[in-house]
Enquirer: 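Sending over a structure as structure tokens; questions will come in a sec.
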2 protein chains.
Amino acid sequence: MARPPKRLARDSRQAILDGAATEFAARGFAGTSVDRIARRAEVNKAMIYYHFRSKEALYRVILRSVFLSLGQRARAIAASDLPPPEQVDALVEAIMREGEARPHFPPMMLREIAEGGRCLDARTFRAMAAVFLAAREVIDRGVQTGAFVAVDPMLTYFTMLGPVMFYLGTSSLRAAIGRSRAGVDPRTDPATFVAHLQAMLRRALCAPASARAARPLARRRTTRAGDRP
Amino acid sequence: MARPPKRLARDSRQAILDGAATEFAARGFAGTSVDRIARRAEVNKAMIYYHFRSKEALYRVILRSVFLSLGQRARAIAASDLPPPEQVDALVEAIMREGEARPHFPPMMLREIAEGGRCLDARTFRAMAAVFLAAREVIDRGVQTGAFVAVDPMLTYFTMLGPVMFYLGTSSLRAAIGRSRAGVDPRTDPATFVAHLQAMLRRALCAPASARAARPLARRRTTRAGDRP
DNA sequence: GTCTATAAATAGATAGAC
DNA sequence: GTCTATCTATTTATAGAC
């Protein structure tokens with residue numbers, strides 16, 4: 001009654017997802033052939049079309065899962081009752097954790113950014129927007145309560161997310177530069193970088209204790225829809 | 001004696017460079033076919049192989065010119081006699097200007113980052129490193145003179161460059177999100193973002209006036225080659 | 001320098017046996 | 001669910017006329 005050596009259905013599907021994520025991250029959608037995915041996943045090429053309609057459908061499944069996961073983490077942090085500075089810390093850490101837990105996430109996101117979202121569907125758009133909305137909520141609250149100086153939430157969001165994405169995305173590039181003879185070794189561990197960014201954001205965002213007392217609701221102008229430059 | 005209507009040699013070469021830069025930025029190296037480049041540049045496909053050895057050689061020429069240009073700007077700023085805070089402002093502005101002057105630069109850089117530098121030659125590596133070395137010089141000087149609080153130059157570099165690359169790179173993505181019904185319009189003009197980032201970096205980097213008097217050369221430990229985590 | 005035509009390799013996708 | 005074999009379109013690149 002022992003199981004046949006044949007792999008279970010869920011196994012081959014998962015192997016395809018894992019292998020495809022690795023390949024798409026390293027070489028992009030156009031740069032990855034279905035043959036390569038099959039080879040890496042150690043499945044037959046036809047299996048990919050059995051489990052997924054097309055190369056593009058497979059790509060979309062992977063991409064969406066990544067953004068949905070990050071969106072959930074961000075929403076949970078915004079809904080928590082931590083004070084705004086700690087929420088900012090948590091957001092930075094969450095993005096970093098997500099990037100470490102799924103190494104294919106940063107390269108795929110960078111590529112999608114470069115692509116200008118040409119291949120993203122509405123659901124993935126919303127998941128990306130959810131991360132921003134959560135961050136905006138946190139920053140807005142910080143400004144309103146006087147914990148933060150008056151900053152634009154969206155621009156601040158870029159300043160939080162940008163460094164983490166840049167750090168995560170450049171991980172293999174930095175390793176390559178470090179191995180090469182360019183005269184620099186830009187390799188550091190993620191925890192150090194998180195601590196650095198959190199400290200920078202604290203100093204940049206938190207209002208000096210003296211100014212924290214009285215703060216009316218003036219100067220809360222932020223960028224919104226219809227604000228085109 | 002009027003010139004024949006035939007295009008000059010330099011024109012077709014430049015047309016190829018321009019068209020290829022646009023296409024590579026939008027679709028990546030693998031996603032761009034030589035046919036597309038020829039169509040966009042309005043030249044015959046064979047002309048591309050006449051002026052450049054291969055698709056890859058053409059790509060490399062464009063990529064290298066972008067990094068060399070940014071590296072030069074950065075070195076000039078580091079060599080200037082501005083005080084460190086103004087030099088940081090200038091670096092941020094230079095990266096932004098470069099990205100605006102050559103719209104293909106941000107997407108191409110993001111893609112190369114995602115690629116992990118697999119296709120970069122030593123010269124391009126050095127050009128990328130030059131930008132970092134210039135920034136490190138500026139930050140080191142700021143810390144040494146007591147203008148800045150003690151920060152790690154490399155991590156700080158990520159915190160400067162990351163937001164700008166993220167902002168620039170997401171320009172078309174943000175436009176797409178703004179046009180869509182995602183409930184946000186993340187479009188802002190570059191000058192506003194530069195001002196925001198400069199202000200954030202000032203608050204994050206500049207030492208409070210009280211602490212700016214005495215600062216011995218202690219605590220100048222920074223990440224260097226051979227520092228692997 | 002510019003073009004047409006085409007070679008040679010590789011891509012995504014499917015039919016059909018088991 | 002899994003595999004082999006193959007169809008068709010597209011790709012990079014070149015040969016050779018003008």
Side-chain angles (χ1 to χ4, degrees), chain A residues 1-63 108 111-112 115 118-121, chain B residues 1-63 108 111 115 118-119 121:
Chain A
M1 289 289 151
R3 277 226 178 273
K6 186 178 55 169
R7 210 172 357 212
L8 292 172
R10 289 207 52 123
D11 280 350
S12 83
R13 198 189 137 92
Q14 193 57 48
I16 291 168
L17 283 170
D18 293 344
T22 308
E23 289 293 331
F24 283 141
R27 320 175 91 87
F29 176 77
T32 301
S33 72
V34 180
D35 279 285
R36 274 195 78 96
I37 297 172
R39 219 178 312 141
R40 172 170 296 261
E42 295 178 270
V43 302
N44 189 281
K45 180 163 68 154
M47 284 304 294
I48 292 173
Y49 292 94
Y50 172 77
H51 284 297
F52 306 91
R53 280 179 218 175
S54 65
K55 180 185 167 185
E56 195 178 325
L58 168 60
Y59 183 75
R60 283 208 150 102
V61 168
I62 295 169
L63 197 66
M108 286 184 81
R111 288 181 197 279
E112 280 310 309
E115 209 82 24
R118 247 182 324 115
C119 297
L120 298 179
D121 49 68
Chain B
M1 290 292 150
R3 278 229 177 274
K6 187 177 56 168
R7 207 173 358 214
L8 293 170
R10 290 208 51 125
D11 281 348
S12 83
R13 199 190 137 93
Q14 193 57 49
I16 291 169
L17 283 169
D18 293 344
T22 308
E23 288 294 330
F24 283 142
R27 320 175 92 88
F29 175 77
T32 300
S33 71
V34 179
D35 277 286
R36 275 196 77 96
I37 297 172
R39 218 179 311 140
R40 172 171 296 261
E42 294 179 272
V43 303
N44 189 282
K45 181 165 65 158
M47 284 303 296
I48 293 173
Y49 291 95
Y50 172 75
H51 283 298
F52 306 90
R53 280 178 218 176
S54 66
K55 179 185 168 186
E56 197 179 323
L58 168 60
Y59 182 76
R60 284 207 150 104
V61 168
I62 296 168
L63 198 65
M108 286 184 80
R111 289 182 197 278
E115 210 81 23
R118 245 180 325 114
C119 297
D121 50 70

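For clarity, every value in this text was computed on a predicted model and none was experimentally measured. Lettering of chains follows the sequences in order, A, B, ..., and the numbering in each one begins at 1.
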Enquirer: May I have the distance from A:Met47 (atom CE) to D:dG1 (atom P), rounded to whole angstrom?
Expert: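 So the two atoms are 7 Å apart, to the nearest Å.
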Enquirer: For the residue pair A:Ala21 and A:Ile62, what are the closest heavy atoms and their distance?
Expert: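 Minimum heavy-atom contact is N-CD1, 3.7 Å.
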Enquirer: Calculate the interatomic distance between B:Arg13 atom CZ and C:dT2 atom P; express it in whole Å.
Expert: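 Taking CZ of B:Arg13 and P of C:dT2, I get 13 Å after rounding.
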Enquirer: Whole-Å distance between C:dG1 C1' and B:Ile48 CD1?
Expert: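 Checked: the CD1 to C1' distance equals 14 Å.
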Enquirer: Rounding to a whole Å, what distance do you find between A:Ile16:CD1 and D:dC3:C1'?
Expert: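 Value for this atom pair: 13 Å.
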Enquirer: When you look at CZ of A:Arg118, are more than 12 heavy atoms from neighbouring residues, nucleotides or ligands closer to it than 6.0 Å?
Expert: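 Result for CZ/A:Arg118: enclosed.
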Enquirer: Compare side-chain N and O positions of B:Asn44 against OP1 and OP2 of C:dG1 and report whether any pair is under 4.0 Å apart.
Expert: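 For C:dG1, OP1/OP2 do not have a side-chain N/O of B:Asn44 under 4.0 Å.
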Enquirer: Under 4.0 Å between a Lys/Arg side-chain N and an Asp/Glu carboxylate O for B:Arg111 and B:Glu115?
Expert: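 Here B:Arg111 does not pair with B:Glu115 in a salt bridge, since their nearest N and O are not under 4.0 Å apart.
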Enquirer: May I ask you to decide if B:Ile48's main-chain N or O and B:Lys55's side chain share a donor-acceptor pair within less than 3.5 Å?
Expert: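 A pair under 3.5 Å: no.
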Enquirer: Taking all non-hydrogen atoms of both residues, which atom of B:Ala20 and which atom of B:Leu58 are closest, and how far apart?
Expert: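 Closest approach of B:Ala20 to B:Leu58, heavy atoms only: CB-CD2, 3.7 Å.
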Enquirer: Base, backbone or nothing for each nucleotide of nucleotides 12-18 of chain C, written B, S, -, heavy atoms under 4.0 angstrom, 5' to 3'?
Expert: BBB----
Enquirer: Rounding to a whole Å, what distance do you find between A:Arg39:CZ and C:dA11:C1'?
Expert: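 It is 13 Å, rounded to the nearest whole Å.
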Enquirer: Provide, to the nearest angstrom, the distance between the CZ atom belonging to B:Arg36 and the P atom belonging to D:dT12.
Expert: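 Rounded to whole Å, this separation is 12 Å.
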Enquirer: Nearest whole angstrom, please: distance from the P of D:dG1 to the NE2 of A:His51.
Expert: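 Atom NE2 in A:His51 sits about 6 Å away from atom P in D:dG1.
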Enquirer: Given atom OH of B:Tyr50 and atom C1' of D:dA15, what is their separation to the nearest angstrom?
Expert: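 Taking atom C1' of D:dA15 as the reference, OH of B:Tyr50 is at 16 Å.
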Enquirer: Do A:Gln14 and A:Leu17 have side-chain heavy atoms sitting under 4.5 Å apart?
Expert: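 Yes, side chains in contact.
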